[in-house]
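Single-structure report; data block below.
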2 protein chains.
Amino acid sequence: MTPQAPHPHGHHHPPPPGPASLRSRGRRLTRQRELVWEALTATPDTHLSAEQIAAYVHQHAPSVSATTIYRSLDVLVTEGLVLRTELGADRSFYEPAHEHRHHHVVCRDCGKVTHLHDDLLGELPARVNAASGYVLGTEEITLFGHCPACREP
Amino acid sequence: MTPQAPHPHGHHHPPPPGPASLRSRGRRLTRQRELVWEALTATPDTHLSAEQIAAYVHQHAPSVSATTIYRSLDVLVTEGLVLRTELGADRSFYEPAHEHRHHHVVCRDCGKVTHLHDDLLGELPARVNAASGYVLGTEEITLFGHCPACREP
DNA sequence: CTCTCTATCGCCAGTGAATTGCGTTAGGCT
DNA sequence: AGCCTAACGCAATTCACTGGCGATAGAGAG
């Protein structure tokens with residue numbers, strides 16, 4: 001029944017990502033949480049708001065409440081499956097926790113979000129530590145600017 | 001009457017900071033705006049929320065409405081006298097617009113905010129541009145980490 | 001100094017994202 | 001199959017902030 005059912009008795013890929021891992025973490029795997037995860041992974045490299053996720057989920061199960069969307073996201077974030085990103089607006093955006101750490105540049109004009117590889121920071125963490133004593137966390141960093149398209153004449 | 005009244009007929013310092021400059025920009029200098037400015041400059045290097053500013057203002061003029069605090073801050077930000085900073089929480093923080101551009105590191109544990117000189121970014125803007133085509137704006141950047149005190153055993 | 005014009009204010013209702021309380025439903029382990 | 005309780009759905013609530021509107025008070029003109 002599950003769309004992305006893995007090999008019946010295969011035992012290859014070590015850590016299978018996805019909400020199935022919730023069970024081994026003592027949490028229940030519900031249809032609602034599956035759908036939230038589905039919304040987030042339906043299209044790659046997207047950042048969805050809770051509202052957008054709710055819209056997707058409602059296409060498959062109209063009775064799911066907004067409250068459940070929020071609570072499911074909280075669980076997925078807490079369990080490390082989903083990343084909550086503050087993209088400057090008044091709401092949060094979510095994306096599947098990716099393999100490698102990355103950051104975001106948000107266009108002030110059109111709102112477009114682009115990923116930046118962590119390497120780009122260079123010695124920034126070291127410099128920050130030298131200057132302030134702070135040790136940077138693993139949180140993503142959000143930068144703001146203007147994308148190429150919006151700078152056209 | 002005004003505490004920090006400048007020289008009666010002096011004409012030294014070129015650009016006098018503070019809300020008095022509002023007048024030359026076609027805006028009115030009201031007691032409420034003075035008080036908001038006072039709250040922000042009462043202690044150096046602080047970042048106050050609208051609520052904290054309201055508390056200060058109310059000590060001197062209890063009848064000032066919260067709406068006015070918000071609108072005054074909007075004006076001061078628009079006129080470039082005050083900087084609105086997004087420190088990650090669900091609310092904005094404000095500080096007098098300083099001379100030089102700077103950024104912030106916020107401690108995830110105690111919430112302490114420390115300034116970082118713009119130089120610290122180094123080639124980051126250039127690298128971001130090379131990698132994404134984006135041109136970074138002049139906005140402050142907020143980083144998160146753990147301050148020295150909170151890392152003590 | 002007074003008058004007039006209108007920017008600003010204070011009040012209060014309204015937004016919109018997100019949270020909470022509570023009775024009901026349904027995971028999932030035995 | 002049954003039980004325990006995590007998780008749900010609903011409705012009401014919180015919280016930071018915004019908008020409408022009549023009243024008030026800056027500040028330039030006279």
Side-chain angles (χ1 to χ4, degrees), chain A residues 1-2 18-39 47-58 60-79 81-82 84-94 111, chain B residues 1-2 18-39 47-58 60-79 81-82 84-94 111:
Chain A
M1 265 329 184
T2 17
S21 66
L22 286 177
R23 246 175 326 223
S24 61
R25 289 166 152 280
R27 320 208 74 137
R28 293 181 185 173
L29 208 206
T30 65
R31 178 78 185 128
Q32 290 88 334
R33 290 175 182 175
E34 286 183 320
L35 284 171
V36 168
W37 177 259
E38 229 182 277
H47 309 77
L48 300 176
S49 65
E51 193 184 356
Q52 292 174 303
I53 294 169
Y56 178 97
V57 171
H58 284 163
H60 300 255
S63 65
V64 174
S65 76
T67 305
T68 296
I69 304 288
Y70 284 111
R71 282 195 283 229
S72 297
L73 286 169
D74 280 346
V75 169
L76 292 172
V77 168
T78 301
E79 298 302 340
L81 294 172
V82 169
R84 187 194 313 264
T85 69
E86 307 289 347
L87 261 29
D90 55 346
R91 44 160 155 311
S92 295
F93 289 82
Y94 300 86
Chain B
M1 265 327 184
T2 18
S21 65
L22 285 177
R23 245 173 329 221
S24 61
R25 290 166 154 280
R27 320 208 75 138
R28 293 182 184 171
L29 208 205
T30 65
R31 177 78 185 127
Q32 290 89 333
R33 291 175 182 175
E34 285 184 320
L35 284 170
V36 168
W37 177 260
E38 229 181 278
H47 308 77
L48 300 177
S49 65
E51 193 184 356
Q52 293 174 303
I53 293 168
Y56 178 96
V57 171
H58 284 163
H60 301 254
S63 66
V64 174
S65 77
T67 306
T68 296
I69 304 287
Y70 284 109
R71 283 195 282 230
S72 297
L73 286 169
D74 281 345
V75 169
L76 292 172
V77 168
T78 301
E79 298 303 339
L81 295 173
V82 169
R84 187 194 312 265
T85 68
E86 307 289 348
L87 261 29
D90 55 346
R91 34 148 135 350
S92 296
F93 288 82
Y94 301 86

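The sequence lines fix the lettering, A, B, ..., with proteins before strands; numbering per chain opens at 1. Worth knowing before you read on, the calculation uses all heavy atoms, side chains too, and leaves out hydrogens, waters and symmetry mates.
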Problem set entry | Atom pair distance, as rounded to whole Å: CG in L76(B) and P in dT8(C) | 11 Å
Problem set entry | Residue from T85(A), L48(A), L73(A) passing side-chain contact (heavy atoms from CB on, under 4.5 Å) with Y94(A) | L73(A)
Exercise. With sugar-phosphate meaning primed atoms plus P, OP1 and OP2, does V64(A) contact a base, only sugar-phosphate, or nothing at under 4.0 Å between heavy atoms?
Worked result: sugar-phosphate
Exercise. Rounded to the nearest 0.5 Å, what separation is found between the OG1 atom of T78(B) and the CZ atom of R27(B)?
Worked result: 6.5 Å
Problem set entry | Euclidean distance, R84(B) CZ relative to F93(B) CZ, rounded to 0.5 Å | 13.0 Å
For this session: Whole angstrom is fine here: how far is it from CD in Q52(A) over to P in dA18(C)?
Result: 12 Å
Exercise. Yes or no on side chain to side chain contact (heavy atoms under 4.5 Å, CB included) for V57(B) and Q32(B), after CA distance, side-chain angles and deciding distance?
Worked result: CA-CA 8 Å; V57(B) 171; Q32(B) 290 89 333; over 6 Å; no
For this session: Extract the stems that DNA chain C is part of, considering only consecutive pairing runs of at least three Watson-Crick or G-U wobble pairs, both distances under 3.5 Å.
Result: C:1-30 with D:1-30
Seminar exercise, completed: Taken to the nearest whole Å, CD/E51(A) to P/dG16(C) is 10 Å
For this session: Could you say whether A50(A) or R71(A) is positioned toward the 5' end of DNA chain C, judged by the nucleotide with the nearest heavy atom to each?
Result: A50(A)
Exercise. Can you check whether Y70(B) has a side-chain N or O nearer than 4.0 Å to OP1 or OP2 of dC17(D)?
Worked result: yes
Problem set entry | dC17(D) OP1/OP2 closer than 4.0 Å to side-chain N/O of S92(B) | yes
For this session: Spell out protein contact along nucleotides 23-30 of chain D as letters: B when the base is contacted, S when just the sugar-phosphate is, - when no protein heavy atom is under 4.0 Å; keep the 5' to 3' order.
Result: --BBS---
Exercise. In Å, rounded to the nearest 0.5 Å, how long is the span from NE2 of H47(B) to CD of Q52(B)?
Worked result: 11.0 Å
For this session: For I69(B) and dT18(D), give me the distance from atom CD1 to atom C1', rounded to whole Å.
Result: 15 Å
Problem set entry | Under 3.5 Å: donor-acceptor pair, side chain of R33(A), backbone of L76(A) | no
Problem set entry | Closest to side chain of R33(A), choosing from dG9(D), dA7(D), dA17(C) | dA7(D)
Problem set entry | Nearest-nucleotide comparison on DNA chain D, the residue closer to the 5′ end among G26(A) and R91(B) | G26(A)
For this session: Specify the closest pair of heavy atoms between A61(A) and L35(A), including all atoms of both residues, with the distance to one decimal.
Result: CB-CD1, 3.7 Å
For this session: Please step through side chain to side chain contact (heavy atoms under 4.5 Å, CB included) for the pair T30(B) and L22(B), ending with a clear verdict.
Result: CA-CA 10 Å; T30(B) 65; L22(B) 285 177; over 6 Å; no
For this session: Indicate yes or no: at least one non-hydrogen side-chain atom of I69(A) is less than 4.5 angstrom from one of E51(A).
Result: no
Exercise. Atom CG of L35(A) to atom P of dG9(D): distance rounded to whole Å?
Worked result: 10 Å
Problem set entry | Nearest-Å distance for atom pair CG/P, residues L73(A) and dT19(C) | 10 Å
Problem set entry | Rounded interatomic separation in angstrom, taking CD1 from I53(B) and C1' from dC17(D) | 14 Å
For this session: Test for a donor-acceptor pair under 3.5 Å between the base of dC12(C) and the side chain of T67(B), counting only N and O atoms.
Result: yes
Problem set entry | Nearest-angstrom distance from the residue atom NE2 of H58(A) to C1' of dC10(D) | 12 Å
Exercise. Within the structure, does a side-chain N or O atom of T68(B) lie under 4.0 Å from either OP1 or OP2 of dG10(C)?
Worked result: yes
Exercise. Can you name the nearest heavy-atom pair linking L81(A) to S21(A), along with the distance?
Worked result: CD2-OG, 3.6 Å
